[in-house]
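Structure, as structure tokens:
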Amino acid sequence: AMEERRFRSASGAPIALRRRQHSACCRELSVRCPRLRLRSLSAVSSAVWLAAYGLFALSENSMVLSAAIFITLIGLIIYLHFVKIDQESLLVIGSLGIQVTSSYASGKESTTFIEMGQVKDVVINEAIHMQKVIYYLCILLWDPGDPQGVSEVVPLFQSSKPRLDCLIEVYKSCQEILEQRKTTPQAS
């Protein structure tokens with residue numbers, strides 16, 4: 001079963017949280033960011049090309065126009081392939097671990113897998129950013145040398161930056177599966 005709910009990001013942009021239950025101990029949570037708007041894209045391109053045309057009119061060097069077109073295209077490719085993330089997903093599998101996936105606008109995906117044995121907890125942290133309190137979800141990893149300690153904090157949904165109400169939904173889903181792990185005896 002899949003359900004989708006609408007939320008807002010820290011900056012106020014509309015985002016959607018998709019929750020898919022694969023089985024009792026396997027759940028997928030995805031935050032979808034707003035798609036790239038053609039209007040904003042053409043506005044940036046137009047600004048670059050107008051500036052280039054102004055320089056061309058002054059210098060009468062046609063290389064300026066070629067360079068502007070080239071820079072715009074390269075910039076666009078870099079933006080779509082390395083910067084603009086359309087969706088961030090969390091696949092929580094009780095017995096195996098947590099898979100974190102970022103899907104870029106170009107279709108490229110980057111995935112990180114964290115074994116359940118490394119996961120100490122999933123928590124909501126708060127941070128102060130430019131006089132504003134922002135909340136973020138993160139995975140705490142066990143410190144092998146110190147059973148009470150945390151070796152690493154893995155922040156989640158860094159691109160979509162959901163607000164607290166959305167984070168709480170994701171947090172509850174993760175905790176339900178982490179709780180099952182504590183109640184079921186681990187196979188040694």
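Residue indices begin at 1 and follow the sequence shown.
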Fill in: Within-4.5 Å side-chain heavy-atom neighbours: Trp49 and Ile69
yes

Worksheet entry | Heavy-atom side-chain contact between Cys174 and Leu90 under 4.5 Å | yes

Worksheet item: With a cut-off of 6.0 Å (strictly less than), are more than 12 heavy atoms of other residues, nucleotides or ligands near CD1 of Ile74?
Response: yes

Practice prompt. Evaluate whether atom OH of Tyr53 has more than 12 neighbouring non-hydrogen atoms of other residues, nucleotides or ligands under 6.0 angstrom away.
Written response: no

Item to complete: Could you walk me through whether Val154 and Thr112 pass the side chain to side chain contact (heavy atoms under 4.5 Å, CB included) test, one step at a time?
Response: CA-CA 10 Å; Val154 181; Thr112 310; over 6 Å; no

Fill in: Gln175 and Asp121 side chains, donor-acceptor separation under 3.5 Å
yes

Worksheet item: Side-chain contact, heavy-atom cut-off 4.5 Å: Val150 with Leu141?
Response: no

Worksheet item: Given side chains that start at C-beta, do those of Leu41 and Leu76 come closer than 4.5 Å, heavy atoms only?
Response: yes

Worksheet item: Taking atom CE of Met2 as the centre, does the number of heavy atoms from other residues, nucleotides or ligands within less than 6.0 Å exceed 12?
Response: yes

Worksheet item: Given side chains that start at C-beta, do those of Val92 and Ser173 come closer than 4.5 Å, heavy atoms only?
Response: no

Worksheet item: Is there a side-chain contact between Leu156 and Tyr136 (heavy atoms, below 4.5 Å)?
Response: no

Fill in: Cluster overlap Ile124 with Val100, hydrophobic side-chain contacts below 4.5 Å
yes

Worksheet item: Has Glu3 got more than 12 heavy atoms of other residues, nucleotides or ligands less than 6.0 Å from its CD?
Response: yes

Worksheet item: Are any of the side-chain heavy atoms of Met116 and Leu96 separated by less than 4.5 Å?
Response: no

Worksheet item: Side chains of Ser89 and Gln87: do they bring a donor and an acceptor to under 3.5 Å?
Response: yes

Worksheet item: Is atom NE2 of His22 surrounded by more than 12 heavy atoms (other residues, nucleotides or ligands) closer than 6.0 Å?
Response: yes

Worksheet entry | pair Val83-Tyr79: side-chain heavy atoms closer than 4.5 Å | yes

Fill in: Stepwise side chain to side chain contact (heavy atoms under 4.5 Å, CB included) test for Val153 and Leu140
CA-CA 5 Å; Val153 175; Leu140 304 181; 3.8 Å; yes

